[in-house]
There are 2 protein chains.
Amino acid sequence: MTDKDSKLYNIDRTSSAGYMTNWAARLFARAMDRRLKPLGLSTGHLPIFFALGAGGALSQKALTEYAAIEQPTMAATLSRMERDGLIHREPDANDRRSMLISLTPLALEKLPAVREAIETLNEKALGALSEEERDAFLVSLAKIVAALADDD
Amino acid sequence: MTDKDSKLYNIDRTSSAGYMTNWAARLFARAMDRRLKPLGLSTGHLPIFFALGAGGALSQKALTEYAAIEQPTMAATLSRMERDGLIHREPDANDRRSMLISLTPLALEKLPAVREAIETLNEKALGALSEEERDAFLVSLAKIVAALADDD
DNA sequence: GCAATGAACATAGTGTGCTATATAACATAT
DNA sequence: ATATGTTATATAGCACACTATGTTCATTGC
């Protein structure tokens, strides 16, 4: 196979939106985890912090839908967070199947540092993008999420 | 805390590039894995297919750099692929520490279906984006990758 | 030539995601 | 009221990412 054939026949990974999105996401996660580690946190905690940061309580089911992950993934993350003293689980009086989840004071204390980490990392990542490019990037991501959200 | 205070104080996750990139990447991976599963493949194989799809052989080290993952991650992925008959490992005559990796005929056979899966999924994900938006999206991703690539 | 340094790969342990499946409680319909 | 189906959570097993560390071979300096 010649170089020319190869070029025609192969896909360039840098022009595949899926490949590049995965690559950027891995770099984001790596960098974020390094910033969160000194706080005793990690990236998987972030959706729960977003959802419960105002101080309320939600069921595991509600958190699962909010975070847009599968139920067993949420269950495992909550187990680790409970183990580490970050969340509190209490039975729902209205439904004995359900548990209400809330952040502990320990977790709430960390919120400002979490916001700081998110903002500085986004700033670093988007440093080479203009305001217009940043807006367009977020709009495109939202469209992609919407297009892929209905299962498969 | 009032709604207004909450808005001021909290970050909206949909305006965090890192959060949205992670979200889109998870949806891409889920959908791609479902398409690759009938082929006996998964997303972790893709960088190796991109790198070795032309039929050559590379060291684990070279593949690790190409895929931009950590060395133990590549080692584990290659072990699974060898177990599943997708790659061949042979000792490098010039450096006894090093192994040369190549795709097996079984893996090479699957290449057209892999390309097809990548193209159709990208098409589905980008369906709501114009040509200009698609180009801009890839350019922004490349800038973000470059900004985050130098470690932390 | 030998010691020290570095490079390539392997292994151990953990987190976060997935699918498939089990269990217990709620809801409904006869 | 009981059987049937649905919903909320739990568990098992795997893939793929990370960090930390060990082993073996290559290289470099003396």
Side-chain angles (χ1 to χ4, degrees), chain A residues 19 22-38 40-48 58-65 67-84 86-87 89-101 151-152, chain B residues 19 22-38 40-48 58-65 67-84 86-87 89-101 151-152:
Chain A
Y19 196 102
N22 172 274
W23 191 356
R26 275 175 14 238
L27 292 173
F28 263 120
R30 229 186 265 174
M32 183 59 74
D33 272 327
R34 285 175 187 160
R35 286 164 163 77
L36 292 178
K37 192 170 189 178
L41 302 176
S42 51
T43 49
H45 302 157
L46 292 180
I48 291 123
L58 289 174
S59 68
Q60 188 193 107
K61 163 86 166 151
L63 286 174
T64 298
E65 282 169 3
I69 59 182
E70 298 301 318
Q71 174 265 323
T73 303
M74 180 56 74
T77 298
L78 291 176
S79 288
R80 285 190 300 271
M81 291 181 78
E82 188 175 39
R83 178 199 65 192
D84 297 340
L86 296 169
I87 60 153
R89 275 167 154 145
E90 61 180 340
D92 183 343
N94 295 111
D95 187 339
R96 276 184 303 158
R97 293 169 302 179
S98 181
M99 301 289 276
L100 289 176
I101 320 289
D151 197 20
D152 179 344
Chain B
Y19 195 101
N22 173 274
W23 191 355
R26 276 176 10 240
L27 292 173
F28 264 120
R30 230 186 264 174
M32 183 59 74
D33 271 326
R34 284 175 188 163
R35 285 166 164 77
L36 292 178
K37 191 171 190 179
L41 302 177
S42 52
T43 51
H45 302 155
L46 292 181
I48 292 120
L58 289 174
S59 68
Q60 187 191 112
K61 164 87 167 151
L63 285 174
T64 298
E65 283 170 2
I69 59 182
E70 297 302 317
Q71 174 265 322
T73 302
M74 180 56 74
T77 298
L78 291 176
S79 287
R80 285 189 299 271
M81 292 182 77
E82 187 175 39
R83 176 200 67 193
D84 298 339
L86 295 169
I87 59 152
R89 276 168 152 143
E90 62 179 337
D92 183 343
N94 295 112
D95 186 338
R96 276 184 303 161
R97 294 169 302 179
S98 181
M99 300 289 276
L100 289 176
I101 321 290
D151 199 20
D152 182 346

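Below, chains carry the letters A, B, ... as their sequence lines are ordered, and counting in each starts from 1.
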Test of understanding: with side-chain hydrogen bond (donor to acceptor under 3.5 Å, both in side chains), list the residues that count as partners of [X], not counting sequence neighbours.
X: A/Asp84; answer: none
X: B/Glu70; answer: none
X: A/Asp95; answer: A/Arg97

Classify every nucleotide of nucleotides 1-11 of chain C by which part a protein heavy atom approaches to under 4.0 Å, writing B for the base, S for the sugar-phosphate alone and - for neither, in 5'-to-3' order. -----BBSBBB

Side-chain N or O of [X] closer than 4.0 Å to phosphate OP1/OP2 of [N]:
X: A/Arg30; N: D/dA17; result: no
X: B/Ser42; N: D/dC16; result: yes
X: A/Arg34; N: D/dC18; result: no
X: B/Thr73; N: D/dC16; result: no
X: B/Arg96; N: D/dT24; result: no

Between A/Asn94 and A/Glu70, which is nearer to the 5' end of DNA chain C once each is assigned its nearest nucleotide?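 Comparing both residues, the 5'-ward one is A/Glu70.
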
Let me know, please, whether A/His45 or B/Lys37 comes out on the 5' side of the other along DNA chain C by nearest nucleotide.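 The answer here is A/His45.
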
In this structure, how many angstroms lie between the [atom2] atom of [N] and the [atom1] atom of [X], rounded?
X: A/Leu46; N: C/dG17; atom1: CG; atom2: C1'; answer: 15 Å
X: B/Asp33; N: C/dG17; atom1: CG; atom2: C1'; answer: 10 Å
X: B/Phe28; N: C/dG17; atom1: CZ; atom2: P; answer: 18 Å
X: A/Arg26; N: D/dA15; atom1: CZ; atom2: C1'; answer: 14 Å
X: A/Trp23; N: D/dC16; atom1: CH2; atom2: P; answer: 19 Å
X: A/Glu90; N: D/dT9; atom1: CD; atom2: C1'; answer: 16 Å
X: A/Asn22; N: C/dG17; atom1: CG; atom2: P; answer: 13 Å
X: A/Leu78; N: C/dT16; atom1: CG; atom2: P; answer: 11 Å

Calculate, to the nearest 0.5 Å, the distance between atoms CG and CE belonging to A/Leu46 and A/Met32 respectively.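 The CG atom of A/Leu46 sits 6.0 Å away from the CE atom of A/Met32.
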
Sugar-phosphate only, base, or nothing, as touched by A/Arg80 at under 4.0 Å among non-hydrogen atoms: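 A/Arg80: base contact, heavy atoms under 4.0 Å.
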
Applying side-chain contact (heavy atoms from CB on, under 4.5 Å), name anything that partners A/Ala25, two or more places apart in sequence or on another chain.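 Only B/Thr21, B/Ala25 meet the side-chain contact (heavy atoms from CB on, under 4.5 Å) criterion with A/Ala25.
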
So which heavy atom on A/Ile69 is nearest to which on A/Thr64, and how close?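 Closest approach of A/Ile69 to A/Thr64, heavy atoms only: O-CG2, 3.1 Å.
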
Salt bridge (Lys or Arg N to Asp or Glu O under 4.0 Å) contacts in which one or both residues fall within residues 74-83 of chain B, not counting sequence neighbours: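 Salt bridge (Lys or Arg N to Asp or Glu O under 4.0 Å) check on residues 74-83 of chain B returns B/Glu82-B/Arg89.
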
